[in-house]
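In what follows, a single structure is set out as structure tokens and then discussed.
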2 protein chains.
Amino acid sequence: MKETKKRTFTCGLDAAIAIMGGKWKGLILFALQDGPLRFGEVRRAVPGISERVLILQLREMETTGLLHREVYHQVPPKVEYSLTEFGHSLNTAMGPLGEWGEENIERIEAVPWDKVG
Amino acid sequence: MKETKKRTFTCGLDAAIAIMGGKWKGLILFALQDGPLRFGEVRRAVPGISERVLILQLREMETTGLLHREVYHQVPPKVEYSLTEFGHSLNTAMGPLGEWGEENIERIEAVPWDKVG
DNA sequence: GTCCATACTGACATTTATGTGAGTACCCGG
DNA sequence: CCGGGTACTCACATAAATGTCAGTATGGAC
């Protein structure tokens, strides 16, 4: 029960998708690419995310080694999040995907999303 | 709710992630990169996916314009799926992500996945 | 003492994604 | 008439992801 299950992946893309999780982690990664941000700054940098989900995502990304969490013992509290080397490398790898999205954003927005699901 | 809701995205990466949907579409795209495959061939190329979910994913990807569905009126039935130009371009954009996953697959598999969620 | 700001935590509800297993339609060869 | 092969469809069930909202802890300013 306490054995850490060793997930296996069919290919590198499979693994990368697992790391990326849902719809937020890529955006969080993107937001942090230019340097550390405090919790509240990350929240403002990722419009639409709820506070609780942001915390969950940040914790997951800390566990997977994508980012570092630095706590300053102050009042009011201050916590800074920054990318690790691992996180930076993933961010770099996602660059082309982001560019593809930029180039095709009109087409993507025109998709009849309510008929997709 | 009859109006097709025009989703908007905060950035290109956001849009790309929306297109990629869950954990399967990237793998399906990857499987189709070398040419058309029949339904059963896609299923075998994407281990672990259930038949129903595969159908749903293929339909979504057809709707979003990533792939083309060609029906041959034969018995037994034959349906071939192939990437569109749009699908190919996305596949290309995901190339670096797949390579990143390959390079880091050991590290990713070593993540304590049961403590992540 | 009261309030402020910040970064949380916890209970709960909802939405979305995925999975299971059965059944359908078709023509053909036996 | 039966079973084989393929690509589905349908009803249902569960799991995972996301959302809402209230509450907590802290020390300093007032």
Side-chain angles (χ1 to χ4, degrees), chain A residues 5 7 10 14 17-28 31-32 36-64 67-82 111 113-117, chain B residues 1 5 7 9-10 14 17-28 31-32 36-64 67-82 111 113-117:
Chain A
K5 46 180 162 184
R7 254 183 88 166
T10 60
D14 190 18
I17 291 172
I19 280 278
M20 295 300 307
K23 64 174 172 175
W24 298 115
K25 296 202 187 71
L27 300 173
I28 295 170
L32 287 170
L37 292 180
R38 298 183 58 170
F39 177 81
E41 293 172 325
V42 179
R43 172 158 40 86
R44 286 186 289 276
V46 182
I49 195 169
S50 76
E51 216 171 63
R52 196 186 87 96
V53 170
L54 176 56
I55 292 167
L56 292 176
Q57 302 291 309
L58 290 170
R59 290 292 152 83
E60 283 186 31
M61 292 168 77
E62 197 190 349
T63 302
T64 55
L67 51 80
H68 172 72
R69 179 167 174 264
E70 185 75 35
V71 180
Y72 297 83
H73 293 286
Q74 307 175 351
V75 168
K78 172 177 174 181
V79 180
E80 270 190 354
Y81 295 90
S82 56
V111 162
W113 288 103
D114 50 348
K115 293 180 189 123
V116 166
Chain B
M1 305 261 246
K5 44 182 161 185
R7 259 183 85 166
F9 301 98
T10 61
D14 190 17
I17 290 173
I19 280 279
M20 294 301 306
K23 65 174 172 177
W24 298 115
K25 296 203 187 69
L27 300 173
I28 294 170
L32 287 171
L37 290 180
R38 298 182 58 170
F39 177 80
E41 293 173 325
V42 179
R43 172 158 40 86
R44 285 187 290 275
V46 183
I49 196 169
S50 75
E51 215 172 64
R52 196 185 86 97
V53 170
L54 177 55
I55 292 167
L56 291 177
Q57 302 293 308
L58 289 170
R59 290 293 151 83
E60 281 186 32
M61 294 168 76
E62 196 190 349
T63 302
T64 55
L67 50 81
H68 172 71
R69 180 167 174 263
E70 184 76 35
V71 181
Y72 296 83
H73 294 285
Q74 307 175 350
V75 169
K78 173 178 174 180
V79 180
E80 269 191 354
Y81 294 90
S82 56
V111 162
W113 288 102
D114 50 348
K115 291 179 191 125
V116 167

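Residue numbers start from 1 in every chain, and the chains themselves are labelled A, B, ... in the order their sequence lines are given, proteins ahead of strands. All values below come from the heavy atoms of this structure, side chains included, with hydrogens, waters and symmetry mates left out. The structure displayed is predicted, hence computed values, not measured ones.
- Note: CD1 (B/Ile28) to C1' (C/dA17) measures 13 Å, nearest angstrom.
- Closest approach of B/Gln57 to B/Lys25, counting heavy atoms only: OE1-CG, 3.1 Å.
- Between A/Trp113 and B/Phe9, the ring-plane angle classifies as perpendicular under the 30° and 60° cut-offs.
- Across the protein-nucleic acid pair, B/Leu56 atom CG and D/dA7 atom P stand 17 Å apart, rounded to whole Å.
- Within 4.0 Å of B/Gln74, counting heavy atoms only, lies no atom of the nucleic acid at all.
- Rounded to a whole Å, the CG atom of A/Leu54 is 13 Å from the C1' atom of D/dG19.
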Donor-acceptor contacts, no H, no angles, side chain residues 44-55 of chain B, under 3.5 Å, sequence neighbours left out:
unit_1  : atom_1 : unit_2  : atom_2 : d
B/Ser50 : OG     : B/Val53 : N      : 3.4

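- The separation between B/Ile55 atom CD1 and C/dG19 atom P is 13 Å, rounded to whole Å.
- Neither OP1 nor OP2 of C/dC8 sits under 4.0 Å from any side-chain N or O of A/Arg38.
- Summarising the geometry of B/Val116 relative to A/Glu60, their closest heavy-atom pair is O-CG, 3.2 Å, with the distance given to 0.1 Å.
- Place A/Glu60 and A/Val75 on DNA chain D by their nearest nucleotides, and A/Glu60 ends up nearer the 5' end.
- End-to-end axis angle of the helix from C/dG1-D/dC30 to C/dG30-D/dC1, using five pairs per end and rounding to 10°, comes to 30°.
- Between A/Leu58 atom CG and C/dT6 atom C1' the separation is 14 Å, expressed in whole Å.
- One finds a side-chain N or O of A/Arg59 lying less than 4.0 angstrom from the OP1 or OP2 phosphate oxygen of C/dT9.
- Among residues two or more places apart in sequence or in another chain, the side-chain contact (heavy atoms from CB on, under 4.5 Å) test is passed with A/Pro36 by A/Glu80, A/Ser82.
- Comparing atom distances between the A/Pro77 side chain and each of C/dT6, D/dC8, D/dT6 picks out C/dT6 as nearest.
- If you check D/dT18, D/dC8, C/dC8 against the side chain of A/Trp24, the one that comes closest is D/dT18.
- Taking both residues in full, the closest heavy atoms of A/Lys23 and A/Leu27 are given as O-CD1, 3.7 Å, listed atom of the first, atom of the second, then distance.
- Spacing between atom NZ of A/Lys78 and atom C1' of D/dT26 amounts to 17 Å, rounded to whole angstrom units.
- Residue B/Gln57 places no side-chain N or O under 4.0 Å from the OP1 or OP2 atom of C/dA17.
- B/Tyr81 comes within contact range of the sugar-phosphate backbone alone, with a heavy-atom separation under 4.0 Å but no base atom that close.
- The shortest distance between the side-chain N/O atoms of B/Trp113 and the OP1/OP2 oxygens of D/dA16 is not below 4.0 Å.
- Across all their heavy atoms, A/Leu67 and A/Leu58 have their closest contact at CD1-O, 3.8 Å.
- We find that CZ of B/Arg43 is positioned 13 Å from P of D/dG5, with the value rounded to whole Å.
- As rounded to whole Å, 14 Å separates atom C1' of C/dT16 from atom NZ of B/Lys23.
- If you find the closest nucleotide of DNA chain D to A/Pro76 and to A/Gly22, the one lying nearer the 5' end belongs to A/Gly22.
- Closest non-hydrogen pair, B/Ala18 versus B/Arg7, comes out as CB-NH2, 3.8 Å.
- For B/Arg52 against C/dT20, a side-chain N or O and a base N or O form a donor-acceptor pair under 3.5 Å.
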